[in-house]
Engineer: 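Pasting a structure below so you can have a look.
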Amino acid sequence: MQRNEIVEATDKIKENITETPSIGLILGSGLGVLADKIENAVTIPYKTIPHFPESTVSGHKGQLVVGKLEGKQVIAMQGRFHFYEGYTMKQVTFPVRVMKALGIDSLIVTNAAGGINENFQPGDLMLITDHINNLGDNPLLGPNDDELGVRFPDMSHAYDRDYIEHAEKCASELNLSIQKGVYVANTGPVYETPAEVKMLRTFGGDAVGMSTVPEVIVANHAGLRVLGVSCISNMAAGILDQPLTHHEVIETTEKVKENFLKFIGKIIATLPND
Ligand code: HPA
């Protein structure tokens, strides 16, 4: 029963922390540096938390970091779980359930993604306005626990409109030009073929990645307000005539680190919570 597992994981984390976090952060490939900015940080390796899977991807550390960031109590996942690692959708999204049980009411999700929109460039930051679940699976399949959320969750505003507006304001105050668009989740672990990228563009996708959508579905089910930011680490397959590598993804996120940190920092400092 997932609810007992959530309680056991939550109890274990509570033994290590003194304050209730209000904002959850999921840090994608190469973007874990944000957690290094957390003050009075308590670090909890995933392997010490009951029922937590362990992350297996390089560029992902595999720990929770809890503490203060820009004056707010936050809990950050330094490294996330992906469907392509072989975890079930329930495992991938388990940490979101736990963060909700710990007391967060907002979730900021980040990822590295390939640019489908030809107006994008590697290094761009994109506010996620909506998503397409192209994973062929859903974390809410199976019996619904009404204590966790409703059977048929509304996804009309999966990414909170006020948060998008807030983030746009932060970007303009920082003189940072950002993109907005629709994120498509594919299972991976292969990158797309050029034909698939064309198809996803026709579908209305602006960026493609292998994460985020499961967590955002569960966050909506749990009643959390969500903000999503993609770092466009490369142009999706077939747009530029060059092969895609994980190395390139990490290299680009490394380059935009400063802007990413400034942007997310400002968003958190002034995030509206009512
Ligand atoms: N495709 C899928 N996932 C990704 C990509 C991509 O081009 N870049 C970073 N994550």
Side-chain angles (χ1 to χ4, degrees), residues 25-34 55-62 77-87 89 92-93 108-137 139 159 178-217 227-257 259-261 263-264:
L25 292 163
I26 302 181
L27 305 174
S29 298
L31 302 171
V33 283
L34 187 62
S55 77
T56 62
V57 194
S58 77
H60 286 255
K61 263 192 180 157
M77 288 182 71
Q78 212 170 18
R80 60 144 61 82
F81 306 111
H82 304 84
F83 194 47
Y84 65 72
E85 292 176 84
Y87 300 119
M89 286 290 217
V92 168
T93 55
I108 300 179
V109 288
T110 66
N111 58 53
I116 295 175
N117 186 321
E118 287 171 302
N119 296 320
F120 291 0
Q121 282 181 359
D124 280 351
L125 296 175
M126 182 190 90
L127 279 174
I128 307 177
T129 54
D130 204 348
H131 75 217
I132 294 173
N133 178 8
N134 200 36
L135 296 167
D137 201 344
Y159 300 82
I178 49 159
Q179 308 284 3
K180 283 201 290 183
V182 173
Y183 176 91
V184 185
N186 273 355
T187 63
V190 289
Y191 292 115
E192 298 68 34
T193 64
E196 286 164 348
V197 171
K198 253 192 221 165
M199 177 189 75
L200 297 177
R201 187 179 300 122
T202 314
F203 280 3
D206 294 293
V208 58
M210 307 174 193
S211 67
T212 302
V213 163
E215 294 105 310
V216 171
I217 290 172
L227 177 79
V229 180
S230 290
C231 166
I232 305 300
S233 54
N234 57 279
M235 293 313 287
I239 297 177
L240 306 173
D241 190 19
Q242 61 188 49
L244 308 187
T245 62
H246 185 58
H247 176 73
E248 180 191 359
V249 170
I250 299 297
E251 208 171 59
T252 310
T253 53
E254 185 64 29
K255 277 191 205 140
V256 301
K257 204 163 72 180
N259 281 346
F260 175 76
L261 290 176
F263 185 41
I264 304 287

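Order of appearance sets the numbers: ligands from 1, and atoms from 1 within every ligand. Everything numeric here is computed off the predicted structure, so don't read it as measured data. Side chains are part of it too, since the values below use all heavy atoms of this structure and drop only hydrogens, waters and symmetry mates.
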Engineer: Given 3.5 Å as the limit, does a donor-acceptor pair link the side chain of N259 with the main chain of V256, or not?
Structural biologist: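 Here the side-chain-to-backbone pair does not exist.
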
Engineer: Got the residues with a heavy atom under 4.0 Å of ligand 1, by chain and number?
Structural biologist: A112, A113, G114, Y191, E192, V208, G209, M210, S233, N234, L244, V249

Engineer: Donor-acceptor pair, T110 side chain versus I26 backbone, under 3.5 Å?
Structural biologist: yes

Engineer: Under a 3.5 Å cutoff, is there a donor and acceptor pairing between the side chains of E192 and N186?
Structural biologist: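 Present: a donor and an acceptor within the cut-off.
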
Engineer: Y159 and side-chain contact (heavy atoms from CB on, under 4.5 Å): which single residue from V182, I128, L127 fits?
Structural biologist: I128

Engineer: Partners of N234 by side-chain contact (heavy atoms from CB on, under 4.5 Å), sequence neighbours excluded?
Structural biologist: L244, E248, V249

Engineer: Would the distance check show the side chain of T129 and the main-chain N or O of G181 forming a donor-acceptor pair, the cut-off being under 3.5 Å?
Structural biologist: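 Checked: pair present.
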
